Amino acid sequence: MKNKRKGSHVIFSFVFLVLGFIVAFAFQVAQADKDKNKLSDSQFDRDLSLRNELIDQEEKNNQLFKDLEQAQKELSDYEKELSTKADSYYNLAEDANNYRMYLGKMPVQGKGIQVTLEDGNYNPNDDNVNNYLVHEHHIFQVVNELYVSGATAISINGQRLSHDSYILCNGPVIEIDGNQYPAPFVVTAIGDSEVMDGALNIKGGVKDTLVNENIKFTLEKKDTIKMDALRTN
């Protein structure tokens, strides 16, 4: 009987030992699951924070891209405005140079033609010597035709003409803006030599008229003509 009780105690001890082991193991598993859940929650919070930061950064990038597009558009508009202003300034400067050139305020150089007018050979049978002399109206015809055909600058015997120049006949000499010049009269013009040559030599034009009035007419094309600025008294 005594041995039987002792065997029961051994069995119960073994059972309790097994139960204790099971309880301890279950506690450790539960604790591990709890720690795992805590770690998962922490990871989730960190992932959520990173995702929010990424979204914020994308929004900032989108705004920066919009700002860049706006700045590029403003720069393009500004460049177009500068280009328009530059063209306007260039045109104004070119017009100013043309006006100065027309007024004779600046020296000029370019291609053109040179027309020489000389008194005709005197005919003893003609009592009027004036019929063989170059007069101011002869020079006017040449000068006017040259301006009409595009001459940008004209001089007579080196005297630069301006918009208000005057030409007077004073006996055997021609007076230009107060300066007197004898024959022959050399009219020099800068411009398209082909156009001016064609205008003067057209049939029934200036050359034919002058030759018919006993004036010697000579025309030369020049590759380079230089004219000083207008002389002032």
Side-chain angles (χ1 to χ4, degrees), residues 86-121 130-233:
D87 290 340
S88 299
Y89 293 149
Y90 175 80
N91 292 333
L92 287 173
E94 189 175 26
D95 290 342
N97 281 334
N98 289 336
Y99 288 138
R100 283 195 293 267
M101 184 166 57
Y102 176 68
L103 295 173
K105 300 296 184 181
M106 59 183 292
V108 290
Q109 177 178 326
K111 294 183 177 181
I113 64 171
Q114 178 177 290
V115 177
T116 302
L117 304 179
E118 299 181 72
D119 296 336
N121 295 324
N130 286 324
N131 292 335
Y132 299 90
L133 298 179
V134 178
H135 297 285
E136 74 269 21
H137 67 273
H138 296 136
I139 298 176
F140 274 128
Q141 290 180 63
V142 174
V143 170
N144 289 338
E145 190 65 35
L146 289 173
Y147 275 132
V148 169
S149 53
T152 56
I154 297 176
S155 66
I156 301 174
N157 286 30
Q159 171 72 50
R160 180 84 173 272
L161 300 184
S162 69
H163 68 289
D164 58 354
S165 290
Y166 65 88
I167 302 173
L168 298 175
C169 187
N170 188 5
V173 299
I174 294 294
E175 185 176 316
I176 304 172
D177 297 339
N179 300 305
Q180 294 185 348
Y181 300 96
F185 303 105
V186 181
V187 182
T188 308
I190 293 178
D192 190 323
S193 57
E194 296 297 330
V195 174
M196 293 187 291
D197 177 270
L200 292 173
N201 282 294
I202 191 170
K203 187 175 181 179
V206 173
K207 178 182 177 180
D208 288 348
T209 299
L210 297 182
V211 171
N212 290 335
E213 294 181 5
N214 303 314
I215 304 301
K216 293 181 180 180
F217 183 100
T218 306
L219 187 151
E220 298 177 73
K221 295 178 184 178
K222 298 288 186 179
D223 290 332
T224 303
I225 296 175
K226 295 181 180 179
M227 293 187 192
D228 296 328
L230 187 66
R231 283 186 258 171
T232 56
N233 296 327

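All values reported here derive from a predicted model rather than from experimental measurement. Note: hydrogens, waters and symmetry copies are ignored here, and every other heavy atom, side chains too, is used.
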Looking only at non-hydrogen atoms, find the nearest pair between [X] and [Y] and report the distance.
{"X": "Pro184", "Y": "Glu118", "value": "CB-CG, 3.4 Å"}
{"X": "Asp119", "Y": "Ala183", "value": "OD2-CB, 4.0 Å"}
{"X": "Val195", "Y": "Ser149", "value": "CG1-O, 3.4 Å"}
{"X": "Ile225", "Y": "Thr188", "value": "CG2-CG2, 3.4 Å"}
{"X": "Met196", "Y": "Ala151", "value": "SD-CB, 3.8 Å"}
{"X": "Val108", "Y": "Ala153", "value": "CG2-CB, 3.8 Å"}

Report task. Only counting residues at least two apart or in another chain, list the ones meeting side chain to side chain contact (heavy atoms under 4.5 Å, CB included) with Asn170. Result -> Val173, Glu175, Gln180

Report task. To the nearest 0.5 Å, tell me how far Ile139 CD1 sits from Ile156 CD1. Result -> 5.0 Å

Query - Sequence neighbours excluded, every pair satisfying salt bridge (charged side-chain N to carboxylate O under 4.0 Å, His left out) that has a member inside residues 131-148 - result: none

Requested in this report: Name all pairs fulfilling the salt bridge (charged side-chain N to carboxylate O under 4.0 Å, His left out) condition that reach into residues 189-216, sequence neighbours left out, sorted by first residue then second.
Outcome: Glu194-Lys221

Requested in this report: Classify the ring geometry between His135 and His137 as parallel (under 30°), tilted (30 to 60°) or perpendicular (over 60°).
Outcome: parallel

Query raised in the report: If we only count heavy atoms from C-beta on, is the Leu168 to Ile174 side-chain gap below 4.5 Å?
Result: no

Query raised in the report: Would you say Met227 and Ile190 make side-chain contact, with heavy atoms under 4.5 Å?
Result: yes

Please check this pair: side chain of [X] against backbone of [Y], looking for a donor-acceptor N/O pair closer than 3.5 Å.
{"X": "Tyr166", "Y": "Gly178", "answer": "yes"}
{"X": "Arg160", "Y": "Ile154", "answer": "no"}
{"X": "Asn157", "Y": "Val186", "answer": "yes"}

Report task. Count the heavy atoms belonging to other residues, nucleotides or ligands that lie under 6.0 Å from CD1 of Ile202, then report whether that count exceeds 12. Result -> no

